[in-house]
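Reviewing the structure listed below.
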Amino acid sequence: MYLTANLDAQKIENAIEINRSLLQNENQLFAVEDGKLVLKTIQPVHFSDKKVVVKGLENDTVIIAQSVPGAYEGMIVKTEQQAAREKEKQSTTDQSALK
């Protein structure tokens, strides 16, 4: 059995697709600024069962990649890059102490 379908699609400028689980209050999501979580108000444009297309984020905005249970505005967090740098710095400090 085959199906032929024509879909109407719309090009949306300055939008990003994220997991619906990242949405807070249907129009906000957590971003990281100065090592803390802040709620950013965004504009949902299209919902699917697991994803949502949103507008309203500035370029280079760092958002969380997974839902964090118990997350709250002002919660102190580290990005993966910050954690890797700290781990490398700690490793270098430990090696210096052994010499």
Side-chain angles (χ1 to χ4, degrees):
M1 220 185 294
Y2 294 95
L3 170 69
T4 302
N6 292 320
L7 301 174
D8 291 329
Q10 169 183 351
K11 184 175 180 180
I12 302 173
E13 297 288 331
N14 301 318
I16 183 173
E17 183 181 64
I18 61 171
N19 287 328
R20 282 185 77 161
S21 65
L22 298 179
L23 282 182
Q24 304 290 317
N25 304 320
E26 295 295 318
N27 70 340
Q28 294 179 314
L29 60 85
F30 281 113
V32 179
E33 289 182 1
D34 299 324
K36 295 180 181 177
L37 290 182
V38 294
L39 276 173
K40 295 283 189 177
T41 301
I42 46 91
Q43 176 187 358
V45 179
H46 174 73
F47 288 91
S48 67
D49 59 337
K50 294 184 181 180
K51 302 281 186 176
V52 60
V53 176
V54 300
K55 293 177 72 169
L57 287 175
E58 296 179 21
N59 282 341
D60 300 326
T61 300
V62 178
I63 62 172
I64 60 174
Q66 299 177 7
S67 182
V68 178
Y72 57 89
E73 197 163 16
M75 182 178 187
I76 297 173
V77 295
K78 292 181 188 174
T79 63
E80 288 181 349
Q81 290 87 0
Q82 289 171 328
R85 274 182 275 172
E86 286 183 12
K87 186 175 181 179
E88 185 177 301
K89 191 183 291 184
Q90 181 64 36
S91 176
T92 303
T93 303
D94 289 347
Q95 289 176 357
S96 297
L98 292 175
K99 291 181 181 181

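Since this is a predicted model, take the numbers as computed values, not measurements.
Taking CE of M75 as the start and CG of L37 as the end, the distance is 6.5 Å to the nearest 0.5 Å. Here the CD-OG1 distance, from E33 to T61, works out to 7.5 Å after rounding to the nearest 0.5 Å. Going from atom CD1 of I16 over to atom CD1 of I63 covers 5.0 Å, rounded to the nearest 0.5 Å. Here the straight-line distance linking atom CD1 of I64 with atom CD of Q24 works out to 7.0 Å at 0.5 Å rounding. One finds the CZ atom of R85 at 6.0 Å from the OG1 atom of T79 (value rounded to the nearest 0.5 Å). Between N25 atom CG and T41 atom OG1 the span is 9.0 Å, to the nearest 0.5 Å.
Using a distance-only test at 3.5 Å, with no hydrogens or angles considered, no donor-acceptor pair links the side chain of R20 to the main chain of F47. Remark: the backbone N or O of V38 is not paired with any side-chain donor or acceptor of E73 at under 3.5 angstrom.
Here the shortest heavy-atom pairing between Y72 and F30 reads C-CE2, 3.8 Å. Scanning both residues, Q66 and L22, for their nearest heavy atoms gives C-CD2, 3.5 Å. Nearest heavy atom pair, residue K55 against residue A15, reads CG-CB, 3.8 Å.
By the rule that hydrophobic residues join a cluster once side-chain heavy atoms approach within less than 4.5 Å of another member, V52 and I12 end up as members of separate clusters.
Under the 3.5 Å distance criterion, with hydrogens and angles disregarded, a donor-acceptor pair is assigned to the side chains of K51 and N19.
Taking 4.5 Å as the limit, some side-chain heavy atom of L23 sits within range of a side-chain heavy atom of I42. A 4.5 Å side-chain heavy-atom check between V53 and P44 finds every atom pair outside the cut-off.
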- What's the verdict on side-chain contact (heavy atoms from CB on, under 4.5 Å) for Q28 and K40, showing C-alpha distance, side-chain angles and the deciding distance? CA-CA 5 Å; Q28 294 179 314; K40 295 283 189 177; over 6 Å; no
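The hydrophobic cluster of M1 has no other members, since no ILVMFWY side-chain heavy atom comes under 4.5 Å of it.
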